[in-house]
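Okay, so here's the structure we're looking at.
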Amino acid sequence: MRYPYLIALAMMMAMPTVSTPADEPTADQRLKAAGRPPQCSKKRAARRQVAGVFSESGLARFRLRSGRLVVDPMRYRKGSQEHSADGFHESITVSSSSGVPSVYYRYADDYQRVQLVAEHGKSLRMESTIIATGEQAVLDQRATGAIEWNVRRNPNGESELDRRVSGPTLLHIVGQDEPGFQIHLDMLISRMLLGRSVIELAHRTETFLQQNASRLAIVSAAEVNALIDQLQAGKSSQRRAATTALAGIGTSAIPYLCTALERGDLDVEQRARIRMLISRCPRIDEDTPSSLACLLSTDRQHWQIMAKKMNRDQWIAANDHVRRCGLDALTR
């Protein structure tokens, strides 16, 4: 049974905490070094096209909205389903409480084990283990705040090659650890999104931003912050006017609004209005490169992640856009 439900989404800026050498071995390279070849890439690639428990008529539909993986609250059915084919097995259970779905999913083959828990529209957690090496990855997406991505190379202890990064969207995670994301979750998430690859979407969004940096609309931090301060005005008409103006800016205001929630001088009504604006800004359908570019055009962290891949001319154009938005200059 389908129930109407409103998912509020708040994203906060966060910088990566650990960097990894460029020559860091991937899980597949570690498998080769251990004398065991990785699973046939052709075989795994073919599984991207296997519907299994993820299909238009499946128990649950996942979507990418504002760069985050969510369960579609309008397209789910309670129940359980299993699927086995081509050397892998998966199972999914969907339940609900007050019309809000929760999803529990498991996947296993001779290469990898994955489990997913998405509870009551508030959090989503995915855990992956590479069987031969024991390498583990965890994606932790809370209802609000940054998405956390942790990769532990050795399950028995910490290593300097471990990865721990974060960001408000999956594109931030891919930008900081694309090899790890590709090994652990890209194939599965592509199936969950019915063939849409987060890595491919991240590349297309980055290309759009790089090619249009000099033509992107300028939404200044000072302008948005002034409107946020106006949400505390004494007259209700001024507060309503500020709310309307912020809503008119659209998704480009989201990074500023999320950063504002970290301030300690906001009153209760300000926080409520900001959260309401954030919840209403995301697209009602699925993300596209252009919609994500609009969202990330004022996200300095994402620009800084991209800066490492840019040539000189691209970096100059990107840095000029960032400065015109009133954000700190990019570093190289």
Side-chain angles (χ1 to χ4, degrees), residues 1-11 47-83 90-107 114-127 139-145 147 168-174 181 185-202 204-205 250-251 254 275-292 294-296:
M1 186 173 182
R2 301 170 183 171
Y3 301 84
Y5 176 65
L6 175 65
I7 297 181
L9 174 64
M11 300 175 294
R47 290 181 185 171
R48 290 179 182 272
Q49 310 303 321
V50 178
V53 299
F54 300 114
S55 66
E56 288 284 356
S57 59
L59 294 179
R61 279 293 307 276
F62 285 85
R63 296 190 182 279
L64 197 67
R65 289 179 175 163
S66 291
R68 300 166 78 94
L69 194 62
V70 299
V71 182
D72 191 329
M74 300 297 292
R75 303 189 64 179
Y76 75 92
R77 304 191 317 274
K78 292 189 291 186
S80 298
Q81 183 180 356
E82 295 189 10
H83 177 81
E90 61 184 349
S91 63
I92 187 171
T93 297
V94 180
S95 60
S96 69
S97 176
S98 301
V100 184
S102 293
V103 177
Y104 307 91
Y105 170 82
R106 290 181 179 273
Y107 172 95
V114 182
Q115 68 175 22
L116 174 150
V117 178
E119 293 188 312
H120 310 302
K122 295 181 179 180
S123 65
L124 183 145
R125 182 181 176 90
M126 300 181 73
E127 301 178 359
L139 179 78
D140 194 0
Q141 176 186 286
R142 305 295 177 88
T144 61
I147 301 172
T169 75
L170 289 178
L171 279 70
H172 291 74
I173 304 303
V174 170
F181 189 88
L185 296 182
D186 186 56
M187 183 190 75
L188 175 58
I189 293 179
S190 292
R191 292 183 56 232
M192 294 166 63
L193 297 176
L194 305 186
R196 304 182 74 212
S197 166
V198 173
I199 290 179
E200 180 182 349
L201 188 59
R204 292 174 62 192
T205 302
T251 55
I254 288 183
R275 291 194 176 100
M276 179 272 293
L277 286 164
I278 291 172
S279 70
R280 292 184 178 181
C281 275
R283 296 166 54 95
I284 59 172
D285 51 354
E286 292 188 274
D287 289 336
T288 65
S290 58
S291 71
L292 286 166
C294 183
L295 170 69
L296 299 172

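Owing to the predicted nature of the structure, the values given are computational and were not obtained by experimental measurement. Computation of the quantities below employed the complete heavy-atom set of this structure, encompassing side-chain atoms and omitting hydrogens, waters and symmetry-equivalent molecules.
The salt bridge (charged side-chain N to carboxylate O under 4.0 Å, His left out) test applied to Arg196 returns Glu286, not counting sequence neighbours. With sequence neighbours excluded, the residues forming a side-chain hydrogen bond (donor to acceptor under 3.5 Å, both in side chains) with Arg106 are Gln115, listed by chain and number. Remark: Ser55 pairs with Ala51, Ser57 by the side chain to side chain contact (heavy atoms under 4.5 Å, CB included) rule, at least two apart or across chains. Partners of Phe62 under the ring pair (Phe, Tyr, Trp, His ring centres under 6.0 Å) rule, at least two apart in sequence or in another chain, do not exist in this structure. Annotation: side-chain hydrogen bond (donor to acceptor under 3.5 Å, both in side chains) contacts of Gln141 (sequence neighbours excluded): none. The salt bridge (charged side-chain N to carboxylate O under 4.0 Å, His left out) search around Glu119 returns none, not counting sequence neighbours.
The side-chain heavy atoms of Met192 and Leu116, taken from C-beta on, include a pair separated by under 4.5 Å. With a 4.5 Å cut-off on side-chain heavy atoms, Val53 and Tyr105 count as touching. When side chains are defined from C-beta on, Glu90 does not count as touching Gln81, because their heavy atoms never get closer than 4.5 Å. By the 4.5 Å heavy-atom criterion applied to side chains, Ile92 and Tyr104 are not counted as neighbours. Between Arg142 and Arg125, every side-chain heavy-atom pair lies at or beyond the 4.5 Å cut-off. Side chains of Leu188 and Phe54 form a contact here, defined as non-hydrogen atoms less than 4.5 Å apart. For the pair Ser291/Thr288, a side-chain contact is recorded, criterion being any heavy-atom separation below 4.5 Å from C-beta on. Put simply, the side chain of Ile147 reaches to within 4.5 Å of the side chain of Ile173, judged on heavy atoms.
Side chain of Asp287 to backbone of Gly67: a donor-acceptor contact under 3.5 angstrom is found. With hydrogens and angles disregarded, a donor-acceptor distance shorter than 3.5 Å links the side chain of Ser102 to the backbone of His120. A donor-acceptor pair under 3.5 Å is formed between the side chain of Thr169 and the backbone N or O of Leu171. Put simply, the side chain of Ser96 never gets that close to the backbone of Gly99: no donor and acceptor are under 3.5 Å apart. Proximity of a side-chain donor or acceptor of Arg68 to a complementary backbone N or O of Pro168 within less than 3.5 Å is detected.
Here the CD1 atom belonging to Ile189 is positioned 4.5 Å from the CE atom belonging to Met126, to the nearest 0.5 angstrom. Between the CG atom of Leu194 and the CZ atom of Arg63 there is a distance of 8.0 Å, given to the nearest 0.5 Å. Once rounded to the nearest 0.5 Å, the distance linking CG of Leu139 with CG of Leu170 reads 6.0 Å.
The heavy-atom pair separating Arg191 from Gly52 by the smallest distance is NH2-CA, 3.7 Å. In terms of heavy atoms, Ala118 sits closest to Val71 at CB-CG2, 3.9 Å. Nearest heavy atoms, Thr93 versus Ser80: OG1-OG, 3.1 Å. Leu64 and Leu69 make their closest contact through CD1-N, 4.0 Å (heavy atoms, listed as atom of the first residue, atom of the second, distance). Between Leu292 and Ser66 the shortest heavy-atom distance is CD2-C, 4.3 Å. Of all the heavy atoms in Val94 and Ala60, the pair that sits closest is CG2-CB, 4.0 Å.
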Check against side chain to side chain contact (heavy atoms under 4.5 Å, CB included), Met74 and Arg61: CA-CA 9 Å; Met74 300 297 292; Arg61 279 293 307 276; over 6 Å; no
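For the 3.5 Å distance criterion, the side chains of Asp186 and Ser197 qualify, holding a donor opposite an acceptor.
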